[in-house]
Every structure is written in structure tokens, then in C-alpha cells.
Amino acid sequence: MLKRTSLLVATALAAAPMVQADTTPLNVVLITADDLGYEAYSLFDNELPNLTPNMDQFAAEGVQFENAHVNYSICQPSRAVMATGMYNTTSGMMGFIHMKEKNPTIMSTLGELGYRTGILGKVAHSSPDLDYQWDYVYDADDLAAGRSPTLYAQRTLTFIEQAKENDQPFYLMVNSHDPHRVFYDPEANRLGEEETPSQLYTPEQVTVPDYLPDYPEVRLDLSHYYNSVRRLDDTFGRVIEALEASGQRDNTLVMFVSDNGSPFPFAKANTYFASTKTPLLVQWPGGDLKNGHVDTEHLVSIVDLVPTMLDAAGVEIGEHIDGNSFLPLLRGETQDEREFAFSQIDYKIGGPATPMRSVKSKQYGYIFNPFAGYSQFKVGYDKATIAMMENSGDEHQIARAELFRNRVLEEFYDFENDPGNINNLIDHPDYQEKIAAYRAELEAWMKQTEDPVLEIFHNRDNPAKVTEMMSSHYPTRESMYPQQQLDKHNARVAAAKAKREAAQQARREAQRAAKQ
């Protein structure tokens, strides 16, 4: 793991006022999408016309990665990785769970060095430490449900101007709520003040990903999704324009990434190829990057964002950080240990634990599903599509729906020939040696991160034992909550219980009255 300390930033930040020229500290802007699947971005051969022109131009002028993956394909835990540079197993934030054991975040680290820190949108999900106070905050309600390119641009420019007035470098996290559901439907503007995307799409235009059935209802849903993707691109473009207008673009490291895959079955909240693969775009005009470059060789993960930001700013990378800086890759160099990416799922926003663990290379991916046989996989966005598959009369789609709900213990896929992850090769005789190698890689990672799934993984040849251990050995959601979150959880549980008891009492009294 690369560790680097620079006296340059410490000296510059200690100066009052801030010194200029080559001692000016680096600014950092992290722009995120909410539920943007990799297949919706042009680098990965999306066929929709002119879908993301602003991101395309930005990428062409900077660096983009063909093989970037998130570590947890659900919003809040994915953003916890972005903030800490730690895997969810090592940070304990294995779901919609805030920080119990205090560790530095990118905003707290830079804030202590004198940076002004700001956030636009997704505030609770992007603030893993409940005690942390941003210097500048606007959430969805102040950004037209997080869907207003105009407001994002205005808030961005105001934040940067305030930082300039205070002679502060800045860290700004810009979180679009697009293309998360509710998608933009031109027939039903259900979010009220949201802005219209600069281009709209029809069901006939969309390409249905391999992992979804090509039904009219799916095409309509996808067209609305791509409307929201276009508005995400509108927001991105306006934010970059605001940065340019501020005069701070040359000295600002800008990164763009999605928090997880598209909100469709076999993508978001899973560990499939479409779940974790993400666009990763970077610009730093003053940073001597290899601009116009697409890195097709190395795998990078979102756990690497924090150490890369710190490395670029010349700030020490803490020992608690799991990720590695990919700054050398941004400059066109090569790095060892860039062959595999790891991902996990533990708890979703509701329901029982559905732990999954995955290791991916550019070509292959292995998945371990200890929840198979213990609980079903259900999330709100999958209900309609999975029901259509179950009732289609098509044996292939019925089997796919069954797999989605109940899984099998192990899966292995050839991404190069099967990016939709349709053909599970786990029992194929030609792949057993490779599967064993990927199991070993995953096991080593689980040991490194002290993963609670490791002991269950060691018993994978005994499915009954796996189910038993899920009941007895897997950590509960509440056990990982910090005290503030646990108190709120207990209060909600108590309020719900009181409401049920009051309703039951009212029914009993009504029954007694009816008998009199």
C-alpha cells in the first residue's frame, strides 16, 4: 500500500493568507451519480444517440477507466467507501449503517487541514460519521428533489466563491439524485419542481441489457431511466461550467463515478458485472495527467478514491485505509496488484441479510452467496419485472427469476463472452482450476478484511452448515449501529409497537361495543 507525506500542503495550509502559485493547495471535487449503470455510458458502447455529451467531452479531455468497480452496489454503503477508503467489512458499515468505530474520512482529514468542505445532495447517505459537520450543505429539497442542473450549478459556484473569499482550498461532493427512481416520465412529472432533461428517449430507441427481458414494460421503464441519465449529464455539464467560471478548474482534481449499478434486477444491490462496473472519469488540468487516455489494462475500485485524492493533494495516506492510490495510472504509468476487484453485499435497506462476496478480474468473476437457502433476495425495484418473468411461460425467464430470488451458493462467469452473467460456469469441468484460483483470491481478501463471512465460506461444501451459520454467526444489523443510530432505531421500533398495540386495543373496544 502506497503511503505518502508531503510538507508542501502542510506548509501551504499553515500560511495565512494562503500562498499562491506552486504552493497553492489542490482543490478536490467528487461528482457522483445515483444508480448509473455502466451500460448507460458511451465508453461501454451504449447505442442511444448523444446520451452523455458532457461526460463524453470531459472524459475525452481527461482520463477514464474501462475496468472500474464499486465495492458495495448500494447507495449508502458505497458512499461510505468513497468517504473512508475502507472496505465495508473493515469499517463496519455493511449496509445503511453509520460509523460506529470512528475513522477519518476524506472530508474530516481535509477539513482539519483547513479545507472548506461542502456537499450537494445525498447528505445523510454520504456522511458516514453522524458527528461530522459539513461547512456547506444543500440536500435534495433545496435542489428540486436533487434533479435541477441549474441549482447544482448555482450552489457549486457559490461554494467555491465563499472558499475563495476565505482563502481556503475546498473539497466539494456533488451528488446528483439522477438517475435514481423516480425516473423522468414526460407523462407524469411526479417530483414537481424537477427540470426537464435536455433530450428525451422512446422505448423504441433503447437497447435492453442482456440481463433483462425484452418486454414492452421494460423498454418503457428503460426509456424513462435514460431520460434521467440525460439529466444527470445536464447536471454534470453545468457543474463543470460553474467550476470553469470560478477560475479554479486548473488547480482542481475532479472525479466522476456512480455509486452502484442500474436499479433493475441483476444490477443494483448485487455483485454481478452490471452491479459493480462503473464509469470512472478524472480531470486535473494542472496535474500532469495523461489526458485523452483510456486505461484498459488495470482494475481500480472505489476504495481507491480516497488514497488517490490524498496522494494528489500531498497528504499522508492513513494506515487504516484499505485502498491504494492510482495517481500513477492517471499519469500513464503502470502499477502492480491491479488485477482483481472485490465487492460485497450484506444488508439492504430492509429485510434479512443477503450476504454476497465477489472477486472480479477483467475477464472472470466468482460470487459466493451464503444467503442461498437462508433468505430470499427482494428489493422494491425488482417486483414488477420479476413477476412478469415468473408469469411469462418462458422457461428461461422463469429460471432466471428463480435464480434472482433464491440464488445458488456459488457462481462463476466469463465477462468477456457473457457480460450479462447469464451462463453460470461453476460446474463446468473446463473452469475448475480457474475457479479454485478465484476462490483463493476471495479467501485471502476475506482474511485481510476480517470478514464475518470467512468462516461460513470455509464450510461452503456443507450447505446445511452454511444456513445454520447464517442464523448463528452472522452479525445483526443492530449490532453494527453506532449509539445514535441505535437509539433512533429503538425509538422507531417502540413507536411502531405502540401504534400496533393502540390499534389492537381500539379493535377490541370496538368489538366489545358491538356486542353490547
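This is a predicted model, so every value here is computed, not measured.
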Which atom pair, heavy atoms only, marks the closest approach of [X] to [Y]?
X	Y	answer
L36	P279	CD2-CG, 4.1 Å
P186	N227	CD-ND2, 3.8 Å
L281	A59	CD2-CB, 3.9 Å
S325	P328	O-CD, 4.1 Å
E441	V359	CB-CG2, 4.2 Å
V70	S343	O-CB, 3.9 Å

Legend entry - side chain to side chain donor-acceptor pair (under 3.5 Å) contacts in which one or both residues fall within residues 416-434, not counting sequence neighbours: D414-N417
Inset, instruction - Return each pair, listed once, that meets salt bridge (charged side-chain N to carboxylate O under 4.0 Å, His left out) where at least one residue sits in residues 209-223; pairs must be two or more places apart or across chains. - result: R181-D221, D214-R219
Is [Y] close to [X] at the side-chain level, that is, under 4.5 Å between some pair of heavy atoms?
X	Y	value
S127	V123	yes
D322	M86	yes
P355	M470	yes
L222	P209	yes
M255	L30	yes

Can you name the residues that form a ring-ring contact (aromatic ring centres under 6.0 Å, His included) with [X], not counting sequence neighbours?
X	value
F377	F404
Y474	none
Y41	none
F44	Y38

Any donor-acceptor pair under 3.5 Å from [X] side chain to [Y] backbone:
X	Y	answer
N391	A387	yes
N260	A269	no
N462	N459	no
N67	K362	no
N270	K268	yes
D185	E187	yes
D234	S198	yes
S275	S73	no
K277	E66	yes
N71	V303	yes

Inset, instruction - Answer yes or no: does atom CD of E101 have more than 12 heavy-atom neighbours from other residues, nucleotides or ligands under 6.0 Å? - result: no
Legend entry - Enclosure of E339 CD (heavy-atom neighbours >12, cutoff 6.0 Å): no
Inset, instruction - Evaluate the side chain to side chain contact (heavy atoms under 4.5 Å, CB included) criterion for residues F58 and Q64: first the C-alpha distance (whole Å), next the side-chain angles of each, then the deciding distance (0.1 Å), finally the verdict. - result: CA-CA 9 Å; F58 178 92; Q64 55 186 325; over 6 Å; no
Out of curiosity, [X] [atom1] to [Y] [atom2], how far, rounded to the nearest 0.5 Å?
X	Y	atom1	atom2	result
I321	E319	CD1	CD	9.5 Å
S262	Y211	OG	OH	4.0 Å
S472	E455	OG	CD	8.0 Å
R400	D394	CZ	CG	11.5 Å
R79	D259	CZ	CG	4.5 Å
T276	K360	OG1	NZ	3.5 Å

Legend entry - Sequence neighbours excluded, every pair satisfying ring pair (Phe, Tyr, Trp, His ring centres under 6.0 Å) that has a member inside residues 379-399: none
Legend entry - Qualifying ring pair (Phe, Tyr, Trp, His ring centres under 6.0 Å) pairs, either residue in residues 342-370, two or more places apart: F342-W445, Y364-F412, F368-F457
Legend entry - F256 and F236 aromatic centres sub-6.0 Å: yes
Legend entry - No-hydrogen, no-angle side-chain donor-acceptor test under 3.5 Å, T207 and E47: yes
Inset, instruction - Check step by step if side-chain hydrogen bond (donor to acceptor under 3.5 Å, both in side chains) holds for S42 and N46. - result: CA-CA 5 Å; S42 62; N46 187 280; over 6 Å; no
Inset, instruction - Test side-chain hydrogen bond (donor to acceptor under 3.5 Å, both in side chains) on S361 and Y438 and set out the steps. - result: CA-CA 9 Å; S361 68; Y438 278 65; 2.6 Å; yes
[X]: what forms a side chain to side chain contact (heavy atoms under 4.5 Å, CB included) with it, not counting sequence neighbours?
X	value
T334	E297, H298
D250	P285
T105	A83, T84, M99, M107, S108, P128
Q199	P49, N50, Y201, R230

Inset, instruction - May I ask you to say whether R338 pairs ionically with D304, meaning some side-chain N is under 4.0 Å from a carboxylate O? - result: yes
Legend entry - The single option from N369, T89, D346 passing side-chain hydrogen bond (donor to acceptor under 3.5 Å, both in side chains) against R357: D346
Legend entry - Criterion side chain to side chain contact (heavy atoms under 4.5 Å, CB included) on Y152 and R238, from CA distance to verdict: CA-CA 8 Å; Y152 274 97; R238 294 295 303 278; over 6 Å; no
Inset, instruction - In sequence, state the C-alpha distance, the side-chain angles, and the governing distance for Q283 and L289, and then conclude on side chain to side chain contact (heavy atoms under 4.5 Å, CB included). - result: CA-CA 8 Å; Q283 271 196 21; L289 305 190; 5.8 Å; no
Inset, instruction - Show your reasoning for whether side chain to side chain contact (heavy atoms under 4.5 Å, CB included) applies to L220 and S223. - result: CA-CA 5 Å; L220 179 63; S223 71; 4.0 Å; yes
